Q: 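Structure in structure tokens, see below.
Sequence lines set the chain letters: A, B, ... in the order given, protein chains first and strands last, and positions in each chain run from 1. A quick note: this is a predicted structure, and the numbers were derived from the prediction, not measured.
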Amino acid sequence: MSEEKSLNFIEEIISQDLASGKYASILTRFPPEPNGYLHIGHAKSICLNFGLAQHFGGKTNLRFDDTNPAKEDIEYVDSIKEDVKWLGFEWAKECYASDYFDQLYAYAVQLIEKGLAYVDDSTAEEIAQQKGTPTIPGTGNAFRNRSIAENLALFADMKAGKFADGEKVLRAKIDLASPNMHMRDPLLYRIKRAHHHRTGNQWCIYPMYDFAHGQSDSIENITHSICTLEFIPHRALYDWCIEQLGIYPSHQYEFARLNMTYTVMSKRKLLQLVEEAHVESWDDPRMPTISGMRRRGYTPESIRDFCDRIGIAKRENIIDLSLLEFCVREHLNKIAQRRMVVTNPIQLIITNYDKGEEVLHSENNPEDPNGGSREVPFSNELWIEREDFMEVPTKKYFRLGPGLSVRLKSAYIITCDSFEKDAEGNITKVFASYHPDSKSGQDTSGIHVKGTLHWVSAKHAIPVVLNEYDRLFSVEDLSTAEGDFKDYINPNSLHKVKAYAEPALANDSLDARFQFLRKGYFYQDAKSTKDHLVFNRTVTLKDTWAKEQKK
RNA sequence: UGCCUGAUUGUGUAACGGUAGCACGACUGUUUUUGGUGCAGUUUGUCUUGGUUCGAAUCCAGGUCAGGCAACCA
């Protein structure tokens, strides 16, 4: 293989654990709560967890952290499974925290029996108040001293549904003065009458995250439980539960979550964008969701490559969107079928072309010698881009203008002779003559031109619609922007454009990736039909001319 | 005011007491029937003050800055 890539801190830990014989093999898990769609931040975690297992010869479970029925739904479970598969990963077991509800309940009873948990009748407000603040120790209440027998009975009654929602909770008895707020007698169970998407109405008490997650890891024999930085203060509790219960010691490790420029990465905010119709749906191609990116035309390979490149560390980060764009372009350049599409057309008449029409050939992908070619009809009446003609060309402009010559891609070199304008001064027609001996592939004209234009034969063109996407937000770093994040939504994140496409596109497979020459990479939209072809722009091509013009 | 993390070029990420490297971005040049791609090159960095050491991004002490922690959310 190639030279060794340095290990990130988690790989470092794992290789030591393996070398020391602490574990014979590793087992990781990806544990989403099914309360929303997965986004590119989850992709980082998925690639990490599954990637670790692949790299070190272990396995990964997919576990749904479904301990809060009020927010969760089967719809999300299904989408999550689809997204993980699409990214190219296979889980060893499909698990649910709800599968462990009986076991978890038994664990809670064990804690009570050890005098390490108690039923508290206080209200949420009272409990919050009694917890104190980070600088002021908490104070206990009378419930803390209930007898084991009483706690056992009360907890059984909680389970049996003898109390109303919120009337009682089960708490761990740890340390109300702990400098770690999470150790100040954290809640273990709450009463909540809600329909659970898997257990139905079987339960009216549900374990809290802190009482479910570590134990679920332990039950599955997860060796390395990897989560994001905000769970660092939970680790003490994670370890406490495992130790007091005397169960398999899974260990938690934390890394920094992904942030990206020009977008948001929280399920809550993404949900808001959907619910308030700032975007069409969870899979709107502007969304940073996996489903949105898939619909936009991102490939799983490019997303995995991206996750590889951003690395894993503990420091807060914000990744440039341009890195993601680089990754897709790099992959798409290798696999995309080249096609010609004109979006803002002006008519080009080739005055000396008297053959009527002919069929030319153009390569599907210059990067792929085996990519073959396609037929492209040519005639004396073409569409070219309006911006490819300039009445008074500027100095570095090497496209079409009066007296200037360019090549029509895969066709002939032409020279512009004249043009027409309407009353308002808009160019309506451009007239040119072609050089018959300059035909693509058999050019003997000796003419050298700097520009090559894409084009479409007017009478052969088929109408298509292009969705040209731009960034969802107008500021780079939403986390430092003041006020509501929605104030920064880019009002021009979508341009729907009508365009003329070469006929080959009508017969192309729905699943193909395209590069529309000089315009960008496109992918057929989920709602596109034969009669109404719609393409989503995945990403533009790099455009050094646009950059030059800005100067 | 407490506790916990962290700080390396514009952005990420390496260097595990011994040459601060890589990628993206930006900028040059070159190739090109896509102003794409490819190729070659340039560019900017160890938060700060002390200390240990022949030698510190790395170890120690203090400071600064940033983020997290007081949901019957995960």
Q: Please classify the nucleic acid contact of A:A124 as base, sugar-phosphate, or nothing, using heavy-atom distances under 4.0 Å.
A: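 Base, at least one base heavy atom under 4.0 Å.
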Q: Can you tell me how far C1' of B:rG67 sits from CG of A:L478, to the nearest Å?
A: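 In whole Å, B:rG67 C1' lies 17 Å from A:L478 CG.
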Q: Sticking with atom C1', work out how far B:rA66 lies from B:rC24, rounded to a whole angstrom.
A: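 Comparing C1' positions in B:rA66 and B:rC24 gives a spacing of 24 Å.
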Q: Rounding to an integer number of angstrom, what distance separates B:rC27 and B:rU9 when you compare their C1' atoms?
A: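 15 Å, rounded to whole Å.
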Q: For B:rA74, take OP1 and OP2 only and decide whether either is under 4.0 Å from a side-chain N or O of A:T67.
A: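 It does, given that an N or O in the side chain of A:T67 lies less than 4.0 Å from OP1 or OP2 of B:rA74.
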Q: Provide the distance between the two P atoms, one in B:rG6 and one in B:rU13, to the nearest whole Å.
A: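 Those two atoms are separated by 13 Å.
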Q: Hey, are A:R471 and A:E476 close enough for a salt bridge, meaning a charged N less than 4.0 Å from a carboxylate O?
A: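 A:E476 and A:R471: not salt-bridged.
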Q: Quick one: do A:R29 and A:E220 make a salt bridge, cutoff under 4.0 Å?
A: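 No.
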Q: Which base sits across from B:rC72 as a Watson-Crick or G-U pair, both distances under 3.5 Å?
A: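 The base-pairing partner of B:rC72, which may sit in any strand shown, does not exist here.
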Q: In whole Å, what separates the P atom of B:rG63 from that of B:rA20?
A: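 Comparing P positions in B:rG63 and B:rA20 gives a spacing of 31 Å.
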Q: Starting at CZ of A:F64 and ending at P of B:rC73, how long is that distance when rounded to a whole Å?
A: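 Taking CZ of A:F64 and P of B:rC73, I get 21 Å after rounding.
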Q: Provide, to the nearest angstrom, the distance between the CD atom belonging to A:E254 and the P atom belonging to B:rC69.
A: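 Going from A:E254 (CD) to B:rC69 (P), I get 14 Å.
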Q: Answer with base, sugar-phosphate or nothing: what part of the nucleic acid does A:L187 contact at a heavy-atom distance below 4.0 Å?
A: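 Base contact - A:L187 has a heavy atom under 4.0 Å of at least one base atom.
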Q: With rounding to the closest Å, how many angstrom separate the C1' atoms on B:rG10 and B:rU49?
A: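 Nearest-Å result for B:rG10 against B:rU49 at atom C1': 27 Å.
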Q: Take atom P in B:rU19 and the same atom in B:rG67, then report the distance between them in whole Å.
A: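 The same atom, P, in both gives a distance of 34 Å.
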Q: Between A:E72 and A:L229, name the one whose nearest nucleotide on RNA chain B is closer to the 5' end.
A: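 The residue whose closest nucleotide sits nearer the 5' end is A:L229.
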Q: To the nearest Å, how far apart are A:I318 CD1 and B:rU11 C1'?
A: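 It is 9 Å, rounded to the nearest whole Å.
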Q: Going through the distances and angles, do A:Y412 and A:D437 end up as a side-chain hydrogen bond (donor to acceptor under 3.5 Å, both in side chains)?
A: CA-CA 8 Å; A:Y412 300 92; A:D437 53 355; over 6 Å; no
Q: Taking B:rU48 as the reference, what is the distance to B:rG68 when you measure between their P atoms (whole Å, please)?
A: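 24 Å, rounded to whole Å.
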Q: In B/S/- notation, 5' to 3', how is nucleotides 23-35 of chain B contacted by protein heavy atoms closer than 4.0 Å?
A: SS-SSS----BBB
Q: Decide if atom NE2 of A:H448 counts as having more than 12 heavy atoms of other residues, nucleotides or ligands within a radius under 6.0 Å.
A: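 Count not over threshold, so no.
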Q: Between B:rA74, B:rU1, B:rA14, which nucleotide has the shortest distance from any of its atoms to the side chain of A:R190?
A: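 Looking only at side-chain atoms, A:R190 lies closest to B:rA74.
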Q: When you match A:K314 and A:P134 each to their closest nucleotide on RNA chain B, which lands nearer the 5' end?
A: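 Taking each residue's closest nucleotide, the earlier one in sequence belongs to A:P134.
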Q: How about A:Q129: does its CD atom have over 12 heavy atoms from other parts shown lying under 6.0 Å from it?
A: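 Check fails, neighbour count at 12 or below.
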Q: In terms of side-chain geometry, is the basic nitrogen of A:D165 or A:R193 positioned less than 4.0 Å from the acidic oxygen of its partner?
A: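 Salt bridge between A:D165 and A:R193, a charged N being under 4.0 Å from a carboxylate O: yes.
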Q: Considering Watson-Crick and G-U wobble pairs with both distances under 3.5 Å, what does B:rU64 pair with?
A: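 B:rA7 - that is the nucleotide pairing with B:rU64, both distances being under 3.5 Å.
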Q: Classify A:S122 by what it touches in the nucleic acid, base, sugar-phosphate, or nothing, heavy-atom distance under 4.0 Å.
A: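 If one applies the 4.0 Å heavy-atom cut-off, A:S122 turns out to touch a base.
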Q: Among residues at least two apart in sequence or on other chains, which ones pass side chain to side chain donor-acceptor pair (under 3.5 Å) with A:K519?
A: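 Partners of A:K519 by the side chain to side chain donor-acceptor pair (under 3.5 Å) criterion, ordered by chain and then number, come out as A:T343, A:E385.
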Q: Measure the distance from CZ on A:F231 to P on B:rC3 and round it to the nearest whole Å.
A: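 Those two atoms, CZ and P, are 24 Å apart.
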Q: For A:D185 and B:rA70, give me the distance from atom CG to atom C1', rounded to whole Å.
A: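 Rounded to whole Å, this separation is 13 Å.
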Q: Examine the base of B:rC69 for any acceptor or donor lying under 3.5 Å from a partner atom in the side chain of A:E230, and report the outcome as yes or no.
A: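 Looking at the base of B:rC69, it does not pair with any donor or acceptor on the side chain of A:E230 (distance under 3.5 Å).
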Q: Counting any heavy atom closer than 4.0 Å, what does A:I136 reach on the DNA or RNA strands: base, sugar-phosphate only, or nothing?
A: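 Counting heavy atoms under 4.0 Å across all strands, no contact is made by A:I136.
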Q: Under a 3.5 Å limit for both distances, which nucleotide forms a Watson-Crick or G-U wobble pair with B:rA14, could you say?
A: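 With both distances under 3.5 Å required, B:rA14 matches none.
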Q: Is there a salt bridge (Lys or Arg N to Asp or Glu O under 4.0 Å) between A:E301 and A:K334 once you walk through the steps?
A: CA-CA 12 Å; A:E301 290 90 336; A:K334 294 195 187 95; over 6 Å; no
Q: Looking at A:R518 and A:D543, does any basic side-chain N land under 4.0 Å from a carboxylate oxygen?
A: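 No.
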Q: Take atom CG of A:L321 and atom P of B:rU11, then tell me their distance rounded to the nearest Å.
A: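 Result: 16 Å.
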Q: Using the P atoms only, state how far B:rU1 lies from B:rU11, rounded to an integer number of Å.
A: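 The same atom, P, in both gives a distance of 29 Å.
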Q: With distance as the sole criterion, do the side chain of A:H182 and the base of B:rA71 form a donor-acceptor contact below 3.5 Å?
A: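 Not at all, since no donor on one side and acceptor on the other fall under 3.5 Å apart.
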Q: Is A:E33 salt-bridged to A:K71, going by a charged N under 4.0 Å from an acidic O?
A: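 Salt bridge flag = no for A:K71 with A:E33.
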Q: Which is true for A:S178 with a 4.0 Å heavy-atom rule: it touches a base, it touches only sugar-phosphate, or it touches nothing?
A: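 The residue A:S178 makes no contact with any strand.
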Q: Of the nucleotides B:rA70, B:rG12, B:rA74, which has the atom closest to the A:I310 side chain?
A: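 Output: B:rG12.
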Q: To the nearest Å, give me how far apart CG (A:L38) and C1' (B:rA74) are.
A: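 After rounding, the reported distance stands at 14 Å.
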